[in-house]
Student: 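Here's a structure for you.
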Amino acid sequence: MTKLSVNINKIATIRNARGGNTPNVVQVAIDCERFGAAGITVHPRPDERHITGKDVVDLSKVVTTEFNIEGYPDQRFMEMIESIRPAQATLVPDPPHVLTSNAGWDTKEHLEVLQDIIRRIKSWGVRTSIFVDTDLQNIEYAIKTGTDRIELYTGPYAEVFPENPEQAVEPFVIAANRALELGLELNAGHDLNQENLRFFKQHIPQLAEVSIGHALISDSIYLGLENAIQRYNYLLRD
Ligand SMILES: CC(=O)[C@@H](O)[C@H](O)COP(=O)(O)O
Ligand SMILES: NCC(=O)COP(=O)(O)O
């Protein structure tokens with residue numbers, strides 16, 4: 001079964017737009033779980049454009065499914081992970097002011113740094129995942145980092161899918177099969193949506209987790225949050 005982890009960054013984006021506490025990020029997380037989310041994902045960026053450090057602390061007290069914290073493993077992030085000890089930490093090579101995540105790790109170039117960071121995070125009892133693209137060298141070196149999982153960066157898949165679904169998914173199937181051969185567990189995320197998710201799941205049925213935020217929260221404007229989560233869970237059915 002593939003777990004749906006709802007990324008609630010964009011709930012915090014709306015809240016921050018007016019400076020109050022509406023929508024209430026903590027209550028939305030509680031409701032997402034009640035509606036069927038198997039996890040809550042946040043990406044507390046250094047500029048706090050959406051999820052803040054306080055949100056992370058507040059959410060850690062209420063999330064009862066799997067709490068997944070994403071981010072670049074700088075000192076701030078590592079102190080957060082050590083303090084909160086979420087179910088999973090997902091390492092993303094984002095520069096501080098990037099508009100959104102747009103690349104995976106060069107796991108060969110950053111092997112030693114990732115090995116040390118992953119060793120520390122795992123010593124805190126936290127599962128690790130690292131954000132990677134489908135380049136097979138990155139997959140091969142990912143296992144050398146000691147990470148539990150990789151998260152396939154699906155932005156390129158979403159970009160090509162509308163024109164050519166088979167062409168879009170092919171590199172991901174190859175990369176996923178290699179990762180599984182190496183003993184890595186598979187997550188996936190970025191720009192997955194109602195149109196492209198089922199095809200991806202059908203071609204990579206061994207996915208442990210997908211984290212979806214932007215499209216799901218946008219869909220909830222029309223569908224409602226409960227219907228949106230139920231729709232995405234239906235698309236992930238085995
Ligand atoms: C790592 C990734 O692809 C997303 O989880 C990321 O959290 C999106 O960040 P924004 O919500 O800031 O676009
Ligand atoms: N790791 C991907 C994620 O958490 C959500 O990405 P998106 O659905 O907001 O593009």
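Each ligand, and each atom within it, is numbered from 1 in the order the structure gives. Quick caveat, the model's predicted, so the values are computed rather than measured.
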Student: Considering only the protein, which heavy-atom contact is closest to atom 8 (O) of ligand 2, and what is its distance?
Tutor: G213 N, 2.8 Å

Student: Give the residue and atom name of whichever protein heavy atom lies nearest to atom 4 (O) of ligand 2, and the separation in Å to one decimal.
Tutor: N7 ND2, 2.8 Å

Student: Quick check on contacts: which atoms of ligand 2 are under 4.0 angstrom from a heavy atom of I212?
Tutor: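 The list of qualifying atoms is 8 (O).
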
Student: Short list, please: which atoms of ligand 2 are under 4.0 Å from a heavy atom of G189?
Tutor: 2 (C)

Student: With a 4.0 Å cut-off on N to O distance, would you call R45 and D94 a salt bridge?
Tutor: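 Yes, charged N to carboxylate O under 4.0 Å.
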
Student: Could you tell me whether some N/O pair between E70 and ligand 2 is separated by less than 3.5 angstrom?
Tutor: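 It does: an N or O of E70 is found under 3.5 Å from an N or O of ligand 2.
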
Student: Between the side chains of N68 and S5, does any donor sit under 3.5 Å from an acceptor?
Tutor: no

Student: Hey, what's the ring geometry for F172 with F200, parallel, tilted or perpendicular (30° and 60° as the breaks)?
Tutor: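 Rings of F172 and F200: perpendicular, as their planes differ by over 60°.
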
Student: Step by step, work out the side chain to side chain donor-acceptor pair (under 3.5 Å) result for Q167 and N164.
Tutor: CA-CA 5 Å; Q167 179 184 322; N164 191 328; 3.2 Å; yes

Student: How close do P23 and I14 get, heavy atom to heavy atom, and via which atoms?
Tutor: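 Scanning both residues completely, I find the closest heavy atoms to be CD-CG2, 3.6 Å.
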
Student: If you count every heavy atom of other residues, nucleotides or ligands that lies below 6.0 Å from E112 atom CD, does the total exceed 12?
Tutor: no

Student: Enumerate the atoms of ligand 2 whose separation from the nearest heavy atom of H214 is less than 4.0 angstrom.
Tutor: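 Those atoms are 7 (P), 8 (O), 9 (O).
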
Student: Salt-bridge test for R127 and E66: reply yes if a basic N is under 4.0 Å from a carboxylate O, no otherwise.
Tutor: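 Counted as a salt bridge, because a side-chain N and a carboxylate O are separated by less than 4.0 Å.
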
Student: Measure from NZ or CZ of R237 to the centre of the six-membered ring of Y234, then state whether that distance is under 6.0 Å and the direction lies within 45° of the axis.
Tutor: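 The answer is yes, since R237 meets both limits relative to Y234.
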
Student: Given a heavy-atom cut-off of 4.0 Å, could you list the residues near ligand 1 in chain and number order?
Tutor: N7, N9, K10, H43, R45, H50, E70, T100, S101, F131, H190

Student: Is R149 salt-bridged to E185, cutoff N-O under 4.0 Å?
Tutor: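 Salt bridge flag = yes for E185 with R149.
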
Student: Report the part of H43 in contact with ligand 2, treating N, CA, C, O as backbone and CB onward as side chain, heavy atoms under 4.0 Å; options are side chain, backbone, both, neither.
Tutor: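 The answer is neither.
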
Student: Show which atoms of ligand 2 fall inside a sub-4.0 Å distance from at least one heavy-atom site of H190.
Tutor: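 Contacts of ligand 2 toward H190, numbered from 1: 2 (C), 6 (O), 10 (O).
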
Student: Check ligand 2 against D191 and write out every atom of the ligand that is under 4.0 Å from a heavy-atom position of the residue.
Tutor: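 Those qualifying, in numeric order: 7 (P), 8 (O), 10 (O).
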
Student: Can you list the atoms of ligand 2 that are under 4.0 Å from a heavy atom of E151?
Tutor: 1 (N), 2 (C)

Student: Output yes when D55 and R15 qualify as a salt bridge under the 4.0 Å nitrogen-oxygen rule, no when they do not.
Tutor: yes

Student: List every atom of ligand 2 that sits less than 4.0 Å from any heavy atom of T41, numbering the atoms from 1 in the order shown and giving each element.
Tutor: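 With T41 as reference, the close atoms of ligand 2 come out as 4 (O).
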
Student: Less than 4.5 Å apart, any side-chain heavy atom of I69 and any of H43?
Tutor: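 Answer no - side chains too far apart.
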
